[in-house]
Amino acid sequence: MIPFTYARAENAADAVRLGAADGVKYLGGGTNLVDLLRESIERPTTLVDVTGLSSAIEERDGGLLIGAAARNTAVAEHRLVRTRYPVLSRAISSGASAQIRNMATVGGNLLQRTRCPYFYDADGFRCNKRNPGEGCDAVDGSNRTHAILGASSACVAVHPSDLGVALAALDADVHLHGTTGTRTVPLTELHRLPGDRPDVETVLEPGELITAIELPAPPPATRSAYRKVRDRASYAFALVSVAAVLGVEDGRVTAARIALGGVAPKPWRARTAEAALLGGPATEQAFRAAAEAELADAKPLRDNGFKVELAARTITAVLGRLAREQA
């Protein structure tokens with residue numbers, strides 16, 4: 001049994017005040033944190049309930065501002081999300097069962113920890129995320145589901161969020177509140193690559209929390225889509241996922257935003273592929289070449305080399321579908 005105290009925050013400032021001490025964890029829907037408590041991986045001295053933070057979804061400057069306490073179901077089903085940002089609605093719906101989506105919050109989803117089995121097995125395996133400097137048994141172990149991009153010798157785990165992949169492709173910003181005030185960071189910079197400190201997973205300062213996600217207006221004359229490839233259709237984590245926003249005019253690419261999931265320790269923005277596409281022909285050959293350029297630096301492990309080709313094919317297929325819709 002892990003003893004801890006519980007406090008409920010009325011607003012962001014109250015949460016930061018309560019969360020400033022050592023050993024505090026913020027509790028949203030609890031769909032990941034409770035599992036980590038059960039496995040004794042997280043051992044907080046205090047849980048601060050932040051479900052009282054804003055859950056509003058409202059228009060701002062042509063885009064949307066989504067409160068961190070908004071439930072995933074509410075976001076996926078919101079009229080403006082479904083019509084303006086279908087990639088986000090689809091990603092959330094692909095991410096988990098209805099029961100989990102009804103509980104999980106946007107902020108908590110982005111801060112969920114890896115589902116790497118070596119991370120979860122505290123008694124049987126070494127893990128640098130769990131115990132820095134201990135080693136990573138996944139590197140030479142069963143690593144079929146692990147990273148091919150952005151990993152290091154210290155950690156090859158992938159980030160599990162579907163929501164985060166869509167937000168990366170949408171150029172979302174993350175609003176933060178901490179002891180020194182408020183700040184905003186791009187979603188693509190929220191999570192850190194592991195390097196030699198995989199236990200430091202985000203750029204959040206101690207006690208800092210997510211208060212909102214802001215989406216800019218969608219680029220004009222674009223379509224978006226999300227595709228998730230997994231071992232089974234019933235809410236498995238992604239082997240590879242692709243979120244894409246594509247604009248095509250007169251057979252040429254006018255806008256391209258692509259993010260990948262299931263292949264890296266963070267939602268992976270495919271900027272090399274985007275640069276290769278802009279201004280070029282909207283053809284299957286061009287889409288495949290852009291995908292291959294993005295994956296040129298992939299470093300597959302013993303069991304997950306298939307992800308390179310799977311990612312290339314999935315990128316090509318998603319972009320091809322979006323191009324045909326605009327033909």
Side-chain angles (χ1 to χ4, degrees), residues 27-35 50-51 53-60 62-112 115 159-175 187-188 190-191 210-219 222-230 232-246 257-262 266-267 269 314 318 321-322 325:
L27 175 68
T31 55
N32 182 218
L33 180 56
V34 171
D35 286 343
V50 293
T51 53
L53 271 62
S54 174
S55 60
I57 305 172
E58 54 193 18
E59 292 186 86
R60 173 178 287 191
L64 280 185
L65 187 69
I66 303 172
R71 304 290 180 173
N72 284 5
T73 295
V75 177
E77 295 181 354
H78 194 279
R79 176 181 59 84
L80 293 178
V81 175
R82 291 170 64 90
T83 55
R84 295 184 190 175
Y85 309 96
V87 62
L88 179 57
S89 182
R90 178 61 179 166
I92 293 172
S93 298
S94 299
S97 67
Q99 293 92 332
I100 292 176
R101 295 197 307 268
N102 289 343
M103 285 297 297
T105 62
V106 169
N109 183 286
L110 292 176
L111 297 180
Q112 66 183 297
R115 271 22 182 228
H159 195 274
S161 175
D162 292 278
L163 166 73
V165 178
L167 292 177
L170 290 169
D171 276 344
D173 286 328
V174 183
H175 292 242
L187 186 281
T188 52
L190 176 67
H191 301 95
I210 297 174
T211 56
I213 306 298
E214 186 166 4
L215 299 176
T222 58
R223 303 290 292 268
S224 69
Y226 185 78
R227 182 172 297 186
K228 180 177 182 177
V229 183
R230 46 194 166 181
R232 63 181 190 276
S234 181
Y235 304 116
F237 293 104
L239 294 171
V240 169
S241 64
V242 176
V245 179
L246 187 72
R257 297 178 184 170
I258 305 165
L260 308 178
K266 61 185 285 186
R269 183 69 179 263
T314 307
V318 170
R321 172 193 160 190
L322 292 173
E325 291 177 353

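Each residue takes its place number in the sequence, starting with 1.
Atoms CD and OG1, from Q99 and T73 in turn, are 9.5 Å apart once rounded to the nearest 0.5 Å. Here CD1 of I66 is found 8.5 Å from NE2 of H78. Values are rounded to the nearest 0.5 Å. In this structure, OG in S161 is found 10.0 Å from CZ in F237, a value given to the nearest 0.5 Å. Taking CG of L110 as the reference point, atom CG of L163 lies at 5.0 Å (rounded to 0.5 Å). A distance of 5.5 Å separates NE2 of H159 from CD of Q112, quoted to the nearest 0.5 Å. Atom CZ of R82 sits about 11.5 Å away from atom CG of L88, to the nearest 0.5 Å.
Judged purely by atom type and a 3.5 angstrom limit, S55 has no side-chain atom pairing as donor or acceptor with the backbone of A70.
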Chi angles and distances behind the side-chain contact (heavy atoms from CB on, under 4.5 Å) call for L215, L167: CA-CA 8 Å; L215 299 176; L167 292 177; 3.5 Å; yes
Please test N109 against V106 for side-chain contact (heavy atoms from CB on, under 4.5 Å), starting from the C-alpha separation and ending with a verdict. CA-CA 5 Å; N109 183 286; V106 169; 5.8 Å; no
Verdict with supporting geometry, T105 and N72, side-chain contact (heavy atoms from CB on, under 4.5 Å): CA-CA 6 Å; T105 62; N72 284 5; 5.6 Å; no
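Across all their heavy atoms, K266 and T188 have their closest contact at NZ-O, 2.6 Å. In plain terms, the two heavy atoms of T31 and M103 that are nearest each other are CG2-CB, 3.9 Å. The two residues S224 and P86 have their closest heavy-atom pair at OG-CG, 3.3 Å. For A225 against R321, the heavy-atom pair with the smallest separation is CB-NH1, 3.9 Å. Considering every non-hydrogen atom in both L260 and I258, the closest pair reads CD2-CG2, 4.2 Å. When all heavy atoms are compared, the tightest approach of G262 to S241 is N-OG, 4.5 Å.
L64 is listed as a side-chain neighbour of V81, based on a closest heavy-atom distance under 4.5 Å. A 4.5 Å side-chain heavy-atom check between P218 and Y85 finds at least one atom pair inside the cut-off. Side-chain contact between R101 and V75 is absent, with no heavy-atom pair separated by less than 4.5 Å.
Judged as a side chain to side chain donor-acceptor pair (under 3.5 Å), and not counting sequence neighbours, the contacts of D162 are Y226, K228. The salt bridge (charged side-chain N to carboxylate O under 4.0 Å, His left out) check on E59 picks up R84, with sequence neighbours excluded. Under the side chain to side chain donor-acceptor pair (under 3.5 Å) criterion, T51 pairs with R8, D49, not counting sequence neighbours.
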